[in-house]
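Quick note: numbers below take in every heavy atom, side chains included, and nothing from hydrogens, waters or symmetry partners. In this text, all values refer to a predicted model and were calculated from it rather than measured experimentally.
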Amino acid sequence: MPLLWRIPDKYPQKAIGAYDTTIPFDRFMLLEGQRIVLPEAKPVVHFSITAKQLLVYDCLPNSALVPLLSKRLIHALRELCEDDFQSIPTVVVATDMQLDDYSFLNATTCVPAIDHACSNYFMVPETEQIMGFRKLRHRPNCLGERHLARDVEYRSHLLASEKVLGLLRRLKAKGAELLTAEEVHW
């Protein structure tokens, strides 16, 4: 069963980063589910807490809506599923210093994941694009052999396998939560 990569409910609001839109890098490319050319200028994310406070997290949620992962977690994911993602080195700016220890997780594949018969969603007016969900169920084997992918119909959803969940648990990774669609309060 695919799992949704989410910000934990207990994650501190002040530890959510703000993507720097003045840098010439289109963060929306990271929602397309494909490899990209690495940018000349690294993306930048600003946080309103210290580096010491940030470094306890393996995943830093941010306004780009793309997981920002520690080198430790990127390395572990490479061992599990290196063909499923691309790491995009990112500058993290804390209140007291700059860190180069994190990278955006760019899932390089999209899959059709939504079980339409068992889901309830609403559309962007006058389009065929999903705007939100009242109830969501994913097709059980939509990831196939993959461990990470974007949902082709709702690309802000990053899907992960149960093996990724096991990896996060073994590492005691902080800052990310993986839930089934049924566990999410829509």
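Minimum heavy-atom separation, S161 to L178: O-CD1, 4.5 Å. Smallest separation of non-hydrogen atoms from A76 and L167: CB-CD1, 3.8 Å. Between H147 and V164, the shortest heavy-atom contact is O-CG2, 3.5 Å. Shortest non-hydrogen contact noted between R27 and T21 is NH1-CG2, 3.6 Å. The heavy-atom pair separating Y57 from S70 by the smallest distance is O-CB, 4.4 Å. A pairwise comparison of heavy atoms in L99 and Y102 identifies CD1-CE1, 4.3 Å as the closest pair.
For the atom pair CG of L80 and CD of E82, the computed distance is 10.5 Å after rounding to the nearest 0.5 Å. To the nearest 0.5 angstrom, I16 atom CD1 is 12.5 Å from L68 atom CG. Between atom CG of residue L3 and atom NE2 of residue H138 there is a gap of 9.5 Å, rounded to the nearest 0.5 Å. To the nearest 0.5 Å, atoms SG (C59) and CG (L105) are separated by 8.0 Å. From L77, atom CG reaches atom CZ of R72 across 11.0 Å, with rounding to the nearest 0.5 Å. Atom OG of residue S156 and atom CG of residue L65 lie 7.0 Å apart, to the nearest 0.5 angstrom.
The side-chain heavy atoms of Q86 and F104, taken from C-beta on, include no pair separated by under 4.5 Å. The closest side-chain heavy-atom distance from P125 to M131 is below 4.5 Å.
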Between V44 and T90, does a side chain to side chain contact (heavy atoms under 4.5 Å, CB included) hold up when you go through it step by step? CA-CA 6 Å; V44 176; T90 303; 6.0 Å; no
V66 vs L158, side chain to side chain contact (heavy atoms under 4.5 Å, CB included): CA-CA, chis, key distance, verdict: CA-CA 8 Å; V66 177; L158 176 60; over 6 Å; no
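Distance alone, capped at 3.5 Å, is enough to place a donor-acceptor pair between the S63 side chain and the Y19 backbone. The closest donor-acceptor contact from the side chain of N62 to the backbone of L60 lies under 3.5 Å. Although no hydrogens or angles enter the test, the distance criterion places a donor-acceptor pair under 3.5 Å between the side chain of T108 and the main chain of D83. Judged by distance alone, the side chain of D115 and the main-chain N or O of R137 form no donor-acceptor pair under 3.5 Å. Distance alone, capped at 3.5 Å, is enough to place a donor-acceptor pair between the R139 side chain and the P112 backbone.
Residue Q98 qualifies as enclosed at atom CD: its count of foreign heavy atoms under 6.0 Å is above 12. Residue H116 places its NE2 atom among more than 12 non-hydrogen atoms of other residues, nucleotides or ligands, all under 6.0 Å distant. Within 6.0 Å of the NZ atom in K174, the count of heavy atoms belonging to other residues, nucleotides or ligands does not exceed 12.
The hydrophobic clustering, which links ILVMFWY residues whose side-chain heavy atoms are closer than 4.5 Å, places L171 and F85 together. V56 and V92 end up in the same hydrophobic cluster when Ile, Leu, Val, Met, Phe, Trp and Tyr side chains are linked at under 4.5 Å.
As a member of the Ile/Leu/Val/Met/Phe/Trp/Tyr network built from side-chain separations under 4.5 Å, I114 groups with L4, V111, Y121, M123, I130, F133, L136, L143, Y154, L159, L179, V184, W186.
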Side-chain donor/acceptor pairs under 3.5 Å, residues 29-40, sequence neighbours excluded:
unit_1: E32; atom_1: OE1; unit_2: R155; atom_2: NH1; d: 3.3

Without placing hydrogens or testing angles, list every side-chain donor-acceptor pair under 3.5 Å for residues 45-53, not counting sequence neighbours.
unit_1: H46; atom_1: NE2; unit_2: D20; atom_2: OD2; d: 3.1
unit_1: S48; atom_1: OG; unit_2: K14; atom_2: O; d: 3.1
unit_1: T50; atom_1: OG1; unit_2: Q53; atom_2: N; d: 3.2
unit_1: T50; atom_1: OG1; unit_2: Q53; atom_2: OE1; d: 3.1
unit_1: Q53; atom_1: OE1; unit_2: T50; atom_2: N; d: 2.9

